[in-house]
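Everything quoted here is computed from the prediction, not taken from an experiment. Keep in mind that the numbers below use all heavy atoms, side chains included, and drop hydrogens, waters and symmetry copies.
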Amino acid sequence: MLGGLVNILFVTSEVAPFAKTGGLADVSAALPRQLHSRGHDVRVFLPLYQRVRTPDRRFAEVPGLKNVPLQLGPHAYTFSVLTSPLPGSDMPVYFVDCPRLYDRQNLYTQDEDEHLRFLLLGWASLMACQYMRFAPAIVHCNDWQTGLVPLILRTRFDWDRLLAPARTVLTIHNLSYAGVFPASILPDTGLGDSAHLFHQEQLREGYVSFMVTGLLYADLLTTVSPTYAREIQTNERGGWLAPFLRARQENLVGVLNGIDEAEWNPETDPLIPHHYTADSLEGKERNKKALLESLGLPYVPDVPVAGIVSRLAGQKGLELVLDALPEILGRGQLQLVVLGSGAPVYEERFAQLQQRFPRRVCFYRGFSNPLAHLIEAGADFFLMPSRHEPCGLNQMYSLRYGTVPVVRRTGGLADTVRPWNAQTGEGTGFLFDHFTPAGLRWAVLQALETYAQRPAWRRLMKNGMRENFSWDVQVQAYEQLYARLLETPRT
């Protein structure tokens, strides 16, 4: 535990609900909010994207941080910093405003200046600390977008007594994205005369990776589950980045993400029609009926509903669902509700599955937060057959809502779902190992068999609902890591 309250600079490309494409946004809201609630001074910085500017949001200017000049190689920019409170908290969030770079339709682009968009974020965050006279003890970076911050801090702010003592943490939320750019962008980093500090072999091969640079220079590396921390050190999961992670294994720690129980709680959730608890489950069946009726599916009391809320991408193992479930659906043993969007091939195949089984399948293309909550509250079990899953949040939401997870044993899924044991009555879900349709089919059939045994199923539901993956617990792990880092002499 930290010996006292500390100043934390938290730099990220996403924060929910302002800007979100995945779990990074949820963590970047929930972890700082919990740290703030425990008394730490947390300053969260992210870009002021176009989509952040909504009519209902109000932003205040930060004194001294208007039209600040910043030169990145031959590129001259000015940026301002605005602030707005995180919804549900009094913690301010700081937005780096640079319309030339951020006033675009999407958070991430394939534009030629993509590297500049996030270089400016890192530089502006550190410069803003100087203007605000804010001395962070910890600079917490997230994913490749902030991977150069530790090196920038070490080489360009080492003279500043305000910033030089700061220790850096880089959290890997998804190693699939490494921020790889041509070596020709090196002058744009503001570190051109420090080229010898970048990975030399990569420079010779003509590229630079923001993620690799972060792996080399962050004082501490974390990732979002213990199993994922082990997996990414293997060539199978870590790929070309695995050697860098193995080299830093003593400074690589897996910490599970938490869930925000202010938002995900079946006892209080304002987005579901019927509240319920582990000791009073009647509301869950009523939510099931409401879910099916809202989607135009018939309510069949003895037939379970499987739910999916997912980005439709290859990582998520959705081809297993599409190959394994038609036989089960054809026998009338199951109904399926899918919420998501993504790769056209998956959108088309789920639409075809709905056409084939119009009374048993509903595919909602897109995203709806109210529907996501209703699926968690109304489904009987939740499918996550991921090829790999750094942490995953939906399986933890599902446990909290008594919606039994059926998951592949990988990453955070392996760390959060305990296999059901019919003999002992212990466990919280069903796991399978082999990434095949047969593996998923086996797990679904196990779930169906248990569902037919109502006392066992209620026990299974209650086991999951009594697990505690809240940020109230997980934030303490980060405090312990920060404390360890601050107590360790810098090498």
| For the residue pair Pro385 and Val321, what are the closest heavy atoms and their distance? | CG-CG2, 3.8 Å
| query | Hey, is Arg466 close enough to Asp279 for a salt bridge, meaning N to O under 4.0 Å? | reply | yes
| task | Say whether Glu231 and Thr410, considering side chains only, have a donor N or O and an acceptor N or O under 3.5 Å apart. | result | yes
| task | Heavy atoms only: give me the nearest Pro405-Thr428 pair and the separation to one decimal. | result | CD-O, 3.4 Å
| request: Over all heavy atoms of both residues, which pair between Leu374 and Ser294 is shortest? Give the atoms and the distance, please. | output: CD2-OG, 4.0 Å
| message | With heavy-atom distances below 4.5 Å as the criterion, would you say the side chains of Gln446 and Val406 are in contact? | response | no
| task | Could you please spell out the steps behind the side chain to side chain contact (heavy atoms under 4.5 Å, CB included) verdict for Phe367 and Ser341? | result | CA-CA 7 Å; Phe367 184 72; Ser341 63; 5.8 Å; no
Which pairs would a plain distance check flag for residues 298-311, meaning a side-chain donor or acceptor within less than 3.5 Å of a matching protein atom at least two apart in sequence or in another chain?
residue: Tyr299; atom: OH; partner: Glu285; partner atom: OE2; Å: 2.8
residue: Arg311; atom: NH2; partner: Gln315; partner atom: OE1; Å: 3.3

| message | Is it the case that the side chains of Thr109 and Glu114 hold a donor-acceptor pair, with the cut-off being a distance below 3.5 Å and no angle test? | response | yes
| query | Are the side chains of Leu46 and Val11 in touch, meaning some heavy atoms are under 4.5 Å apart? | reply | no
| request: Classify the angle between the aromatic ring planes of Tyr102 and Tyr49 as parallel (below 30°), tilted (30 to 60°) or perpendicular (above 60°). | output: perpendicular
| request: Indicate yes or no: does Asp111 engage Arg104 in a salt bridge with an N to O separation below 4.0 Å. | output: yes
| message | Can you tell me which residue among Val224, Val473, Thr416, Thr223 is in a side-chain contact (heavy atoms from CB on, under 4.5 Å) with Leu256? | response | Thr416
| message | Per the ring pair (Phe, Tyr, Trp, His ring centres under 6.0 Å) rule, what does the pair list look like for residues 452-473, sequence neighbours excluded? | response | Tyr451-Trp457
| task | Please work out which of the three classes, parallel, tilted or perpendicular, describes the rings of His373 and Trp264, given edges at 30° and 60°. | result | parallel
| query | Taking the six-membered ring for Trp, is the centroid-to-centroid distance between His140 and Tyr478 below 6.0 Å? | reply | yes
| said: Please evaluate residues Ile232 and Leu241 with respect to the criterion side chain to side chain contact (heavy atoms under 4.5 Å, CB included), reporting the C-alpha separation (whole Å), side-chain torsions for both, the decisive distance (0.1 Å), and the verdict. | reply: CA-CA 8 Å; Ile232 59 178; Leu241 294 171; over 6 Å; no
| query | When you look at Ser176 and Asn174, which way does the side chain to side chain donor-acceptor pair (under 3.5 Å) test go after all the steps? | reply | CA-CA 5 Å; Ser176 300; Asn174 194 333; 2.9 Å; yes
| field | No-hydrogen, no-angle side-chain donor-acceptor test under 3.5 Å, Ser398 and Thr403 | value | no
| said: Check this for me, if you would: do Asp472 and Arg38 make a salt bridge, where the nitrogen-to-carboxylate-oxygen distance has to be below 4.0 angstrom? | reply: no
| task | Quick one: list whatever passes side chain to side chain contact (heavy atoms under 4.5 Å, CB included) with Arg387, sequence neighbours left out. | result | Glu319, Phe435
| task | Work out which heavy atom in Arg248 is nearest to a heavy atom in Leu215; give both atom names and the distance. | result | NH1-O, 2.6 Å
| Arg286 side chain near Pro273 side chain, heavy-atom distance below 4.5 Å | no
| note | For Ser368, the side-chain hydrogen bond (donor to acceptor under 3.5 Å, both in side chains) test, sequence neighbours excluded, returns none
| task | Could I get the full list of side-chain hydrogen bond (donor to acceptor under 3.5 Å, both in side chains) partners for Arg43, not counting sequence neighbours? | result | Asp41
| task | Name all pairs fulfilling the ring pair (Phe, Tyr, Trp, His ring centres under 6.0 Å) condition that reach into residues 224-246, sequence neighbours left out, sorted by first residue then second. | result | His199-Phe244
| Heavy-atom side-chain contact between Asp260 and Asp26 under 4.5 Å | no
| said: Just so I know, are the side chains of Glu467 and Asn463 near enough to count as touching, which here means a heavy-atom distance under 4.5 Å? | reply: no
| request: Indicate yes or no for a side-chain donor-acceptor contact from Asn251 to the backbone of Leu221 under 3.5 Å, with no hydrogens or angles considered. | output: no
| Ring centres under 6.0 angstrom apart (Phe381, Phe430) | no
| Asn7 and His40: side chain donor to acceptor below 3.5 Å | no
| query | Does Arg408 pair with Glu389 as a salt bridge, N-O distance under 4.0 Å? | reply | no
| Do Ser225 and Pro390 have side chains that get closer than 4.5 Å, going by heavy atoms? | no
| remark: Nearest heavy-atom contact between Gln50 and Gln105 is OE1-CA, 3.7 Å
| query | Does a side-chain heavy-atom distance below 4.5 Å link Glu263 with Asn369? | reply | yes
| task | Take Leu220 and Arg167, measure what side chain to side chain contact (heavy atoms under 4.5 Å, CB included) needs, and give me the verdict at the end. | result | CA-CA 8 Å; Leu220 179 69; Arg167 312 304 295 274; over 6 Å; no
| task | Locate the shortest heavy-atom distance separating Leu35 from Val42; write the atom from each residue and the value. | result | CB-CG2, 3.7 Å
| query | Do Thr227 and Arg230 get their side chains close enough for a donor-acceptor pair, meaning under 3.5 Å? | reply | yes
| message | Is it true that His275 and Asn265 share a donor-acceptor pair across their side chains at a distance under 3.5 Å? | response | no
| query | Just one of Thr222, Asn142, Asp143 clears the side chain to side chain donor-acceptor pair (under 3.5 Å) bar with His173, so which one? | reply | Asn142
| Arg365/Glu347 ion pair, N-O < 4.0 Å | yes
| query | Judged by atom type as modelled, is there a donor-acceptor pair below 3.5 Å linking the side chain of Arg117 to the main-chain atoms of Leu107? | reply | yes
| field | Minimum side-chain heavy-atom gap Val93-Thr83 below 4.5 Å | value | no
| request: Look up atom CD in Gln395 and atom CZ in Arg400, then write down how far apart they are to the nearest 0.5 Å. | output: 15.0 Å
| query | Near Arg359 CZ, under 6.0 Å, is it more than 12 heavy atoms from other residues, nucleotides or ligands? | reply | no
